[in-house]
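Inspection log for the structure reproduced underneath, given as structure tokens.
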Amino acid sequence: MSARSSHSRVFLASGLVLGLATIAVSIEWRPLNTHTGYAPEQPVAYSHRLHAGELEIDCLYCHFGARTSPRAGIPPTSVCMNCHATVSSDFGSLLAERALAADEDREPRRIVSAEIRKVYAAMGLDDELQPTDSGPHPIPWVQVHDLPDFVAFDHSVHVSRGLACASCHGPVQSMERVWQESDLSMGWCVNCHRERAADPRITLTREHGKLQPGEHVTTDCVACHY
Ligand code: HEC
Ligand code: HEC
Ligand code: HEC
Ligand code: HEC
Ligand code: HEC
């Protein structure tokens, strides 16, 4: 925290700021950041298309931080286990084994797919959900989005004002592997804050007051840099 604020003080003291302030108020910022489309491979082949799309699980079921705190958060593996303690593989394989077992007049065997085995391993459990010697460890998810430390972004202020996840993250419910949809440049933030002024029908409220119709969301440097 202190490293962060001293960094910010240096940042705001820099001569750059005055010049940039002039530019920022006079022209539209052009997007500069370049990570659009970044979609790193993940340690478990978790699919948003399947879970948030086909199965229609609510974003906030897993990213429950988004409404009340700065970070949306990645769910702990225990959230996956709410379903995967029983769903040990894809439905197709589970049903095929059940049919085969019926044909062969025996009890169905427990089928655990390679991907779900990784989920169990992260819980420190084997295929039969018995504790292993290696114990639990978090799944090492690879971070997709990453704003620089000198920018303050807070999910709750946006999500609690009714902005949909998709307005910034795109159609995540159709992504097999999640990618970065928006460029996260300063221009992207500021242009949206400005656009909110363009439409006089938009009325927004905030904790310390109410934005009037036509008044735009703040573009003060210190709102995002402090
Ligand atoms: C069943 C749990 C679950 C649900 C439901 C879910 N997510 Fe996720 N989400 C995850 C996990 C696990 C990751 C980390 C792995 C990955 O990136 O795919 C993640 C990653 C993300 C990321 C990238 C985070 C980063 O590293 O920058 C975004 C953005 C995201 N989710 C948005 C959404 C949105 C929007 C929805 C609803 C449409 C949603 N998620 C529904 C579990 C979930
Ligand atoms: C106004 C734009 C905006 C909206 C709306 C938004 N996000 Fe984000 N999200 C971002 C930005 C910007 C980042 C990168 C933050 C950083 O790197 O500090 C991010 C990062 C994330 C991350 C990874 C880092 C973290 O915060 O834990 C997840 C997961 C995520 N968003 C999910 C969601 C979900 C789910 C919703 C809807 C409930 C949502 N976001 C709504 C802009 C947005
Ligand atoms: C609300 C229930 C639910 C939650 C929570 C959930 N899943 Fe799933 N998941 C399912 C179902 C159901 C399937 C199988 C769907 C099918 O085959 O059509 C599945 C399938 C999968 C698969 C593919 C399995 C295979 O062998 O092909 C993976 C991998 C997976 N989930 C990972 C996760 C992870 C990681 C989490 C936690 C971040 C998670 N799931 C949370 C219900 C859930
Ligand atoms: C899609 C539109 C959109 C995008 C993109 C967006 N914002 Fe916002 N932002 C809003 C809205 C709407 C509010 C709520 C204003 C209110 O009600 O006070 C807001 C509020 C804020 C606030 C609080 C302002 C206050 O007056 O308290 C901060 C700080 C902020 N945003 C930072 C960012 C940053 C940093 C980014 C880029 C990483 C960003 N925003 C991207 C729409 C957006
Ligand atoms: C709504 C949020 C928001 C506001 C308001 C804002 N910025 Fe930024 N600023 C950002 C984001 C996000 C980045 C990081 C962009 C990136 O990584 O490319 C950034 C980056 C910067 C940088 C670094 C550029 C670089 O090349 O790394 C400077 C300098 C800067 N802002 C100055 C300002 C000044 C001066 C103001 C006031 C006129 C201001 N910002 C207002 C969000 C904002």
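Counting starts at 1 for both ligands and their atoms, in listed order. All values below come from the heavy atoms of this structure, side chains included, with hydrogens, waters and symmetry mates left out.
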Between C62 and atom 8 (Fe) of ligand 1, is there a contact where an N/O/S atom of the residue lies under 2.8 Å from the metal?
no

protein heavy-atom neighbour closest to atom 29 (C) of ligand 1 works out as H169 ND1, 3.5 Å

Looking at atom 36 (C) of ligand 1, what's its closest protein heavy atom, distance included?
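Here the closest protein heavy atom is C59 SG, 2.8 Å.
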
Do other residues, nucleotides or ligands put more than 12 heavy atoms under 6.0 Å from the CZ atom of R98?
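Result for CZ/R98: open.
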
Should we count CZ of R67 as having more than 12 external heavy atoms under 6.0 Å?
no

Atoms in ligand 1 flagged as close to [X], the criterion being non-hydrogen separation under 4.0 Å:
X   : value
I57 : 5 (C)
H63 : 6 (C), 7 (N), 8 (Fe), 9 (N), 10 (C), 19 (C), 20 (C), 21 (C), 30 (C), 31 (N), 32 (C), 33 (C), 39 (C), 40 (N), 41 (C), 42 (C), 43 (C)
D58 : 5 (C)

Is the shortest distance from a Lys or Arg side-chain nitrogen in D127 or R117 to a carboxylate oxygen in the other one below 4.0 Å?
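Yes, charged N to carboxylate O under 4.0 Å.
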
When you look for heavy atoms under 4.0 Å from ligand 3, do you find them on the side chain of I139, its backbone, both, or neither?
neither

Going by distance only, is there an N or O of H225 that falls short of 3.5 Å from an N or O of ligand 5?
yes

Is there a side-chain contact between Q173 and R49, using heavy atoms and a 4.5 Å cut-off?
no

Any nitrogen or oxygen of F91, side chain or backbone, less than 3.5 Å from one on ligand 3?
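Between F91 and ligand 3, an N or O pair is found under 3.5 Å apart.
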
Looking only at N/O atoms, are Y46 and ligand 3 under 3.5 Å apart anywhere?
no

Assess F150 for proximity to ligand 5: is some non-hydrogen atom of it under 4.0 Å away?
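F150: in contact with ligand 5 (<4.0 Å).
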
Against ligand 5, does A223 come closer than 4.0 Å with any heavy atom?
no

Is the distance between atom 8 (Fe) of ligand 5 and the nearest N/O/S atom of C221 smaller than 2.8 Å?
no

Shared hydrophobic cluster for V79 and V172 (ILVMFWY, side-chain gaps under 4.5 Å)
no

Atom 8 (Fe) of ligand 3 - closest N/O/S atom in H51
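The nearest such atom is NE2.
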
